[in-house]
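Structure, as structure tokens:
Below, read A as the first sequence line, B as the second, and so on, with proteins coming before strands; counting in each chain starts at 1. Since we're looking at a predicted model, the values are computed, not measured.
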2 protein chains.
Amino acid sequence: MVQDSIRILQAQGYKATKPRKLVFEVLEGIGRPLSPYDIQDILRARGKHLNHVTIYRTLDLLCSLNLAHKVLSSGRFVKCSLAAIEGCHRFMICQQCGAIREFADKQLCQEENDFARNLGFHTEHHFSEFSGLCSQCYSK
Amino acid sequence: MVQDSIRILQAQGYKATKPRKLVFEVLEGIGRPLSPYDIQDILRARGKHLNHVTIYRTLDLLCSLNLAHKVLSSGRFVKCSLAAIEGCHRFMICQQCGAIREFADKQLCQEENDFARNLGFHTEHHFSEFSGLCSQCYSK
DNA sequence: GCCTAAATGCAATATTATTGCAATTAGCTA
DNA sequence: TAGCTAATTGCAATAATATTGCATTTAGGC
């Protein structure tokens, strides 16, 4: 919910401005990774205008608060589910339709971090991206 | 080894040109993620000049052959170890010193793919990045 | 409603990436 | 080893993406 994200924003001392709400709505409504300019275009089509600089700054902020995530393979942004395990983001991205789905699994996350630790590496954040086909596109 | 990579290139019908060898040498020698322009700068410092377009095209080719990998969080490129499990790339990146290490674990890879499959997702490629501290930086 | 710090928009600029085409080169063949 | 040809590179132009400083506007506390 956009509301939840806004609340988190405010709890950290950031203002709940119109541009920020608009960006949230787009990310949440579209549900697939979007570039800053994608977001601008979508808003334009809805009769709203945001300067690209504002969008860049908003996305930076959202990412720093883990409210959004920069999808690694495309450089596009997607809204994070708030339920994501801290420091662990795992996304499935359908190559066909572009749908993106975040999922969290505590055990898997733990195993990966343990694996790294055995190699002497102390993990703080950890991103995984799966690209392939979602069930709908696969069955076609 | 640069030689191995060149061999793979040729086996696929691509020419073993000077620019490609130079890019390989840089990626292999430096051992941390580099942007196309980083690569150009490093070469310039060695008295070699490559046009940035050539570097872009070379990196595209290397990535398509899985000989290099675009590091997701930074947009920089790193040479892939040839032993990487097909379709699965896992990197540890030290936030402090920038060192990058690729590692492969068949079991972990399998588990992740199984996990996705249980959610109806058919994985083709799969990238993981761990950011944190390497053992050296951690002990400081 | 007023005030102030925070946030936005604008303009300029920097950085990164792509394209078409002419010039060059790797590697095959004689 | 020289010549041939397709593949590759370099160049110039341009497009796309990202950043900065500063004047203007706005959210939210009073």
**Study point:** Whole-Å distance separating the CD1 atom of B:I39 from the P atom of D:dT9
**Key:** 14 Å
**Study point:** salt bridge (Lys or Arg N to Asp or Glu O under 4.0 Å) contacts in which one or both residues fall within residues 7-23 of chain B, not counting sequence neighbours
**Key:** B:D4-B:R7
Study note, to complete from the structure: CG (A:L43) and CG (A:L22) are apart, to the nearest 0.5 Å, by 5.5 Å
Check your understanding: Does a salt bridge link B:D41 with B:R44, judged by any charged N lying under 4.0 Å from a carboxylate O?
Key -> yes
Exercise for review: Would you indicate whether B:Q10, at its atom CD, is surrounded by more than 12 heavy atoms from other residues, nucleotides or ligands within a distance under 6.0 Å?
Suggested key: yes
Study note, to complete from the structure: Separation of D:dT9 atom P from B:H49 atom NE2, nearest Å, is 14 Å
Practice item. Please tell me which of B:Q10 and A:I55 maps to the more 5' nucleotide of DNA chain C, matching each residue to the nucleotide holding its nearest heavy atom. Key: A:I55
Review point. Starting at CD1 of A:I6 and ending at C1' of D:dG28, how long is that distance when rounded to a whole Å?
Key: 14 Å
Review point. Can you check the B:D60 CG to D:dT9 P distance for me, whole Å?
Key: 12 Å
Review point. When the ring planes of B:H52 and B:Y37 are compared, do they come out parallel, tilted or perpendicular, using 30° and 60° as the limits?
Key: parallel
Check your understanding: Can you find a donor-acceptor N/O pair under 3.5 angstrom joining the side chain of A:H52 to the base of D:dT19?
Key -> yes
**Study point:** Nearest-angstrom distance from the residue atom CG of B:L62 to P of D:dT8
**Key:** 12 Å
Practice item. Could you check how far CG of B:L59 sits from C1' of C:dT18, rounded to whole Å? Key: 14 Å
Point to revise | Nucleotide nearest B:V53 when distance is taken to its side chain, options C:dA17, D:dC11, C:dA11 | key: D:dC11
Every protein N/O lying under 3.5 Å from an N/O of nucleotides 2-8 of chain C:
residue: C:dA7; atom: OP1; partner: A:K15; partner atom: N; Å: 3.3
residue: C:dA7; atom: OP1; partner: A:R20; partner atom: NH1; Å: 3.1
residue: C:dA7; atom: O5'; partner: A:R20; partner atom: NH2; Å: 3.4
residue: C:dT8; atom: OP1; partner: A:T17; partner atom: OG1; Å: 2.7

Exercise for review: Report the residue from B:V23, B:L61, B:L27, B:I8 that forms a side chain to side chain contact (heavy atoms under 4.5 Å, CB included) with B:L67.
Suggested key: B:I8
Check your understanding: In whole angstrom, what separates A:L22's CG from D:dT26's C1'?
Key -> 14 Å
Exercise for review: Taking only the side-chain nitrogens and oxygens of A:Y56, find out if one of them lies under 4.0 Å from OP1 or OP2 of D:dA18.
Suggested key: yes
Exercise for review: Identify whether the distance between the nearest side-chain nitrogen and carboxylate oxygen of B:R117 and B:D114 falls below 4.0 Å.
Suggested key: yes
Review point. Within this structure, what is the CD-to-C1' distance between B:Q40 and D:dT9, rounded to whole angstrom?
Key: 13 Å
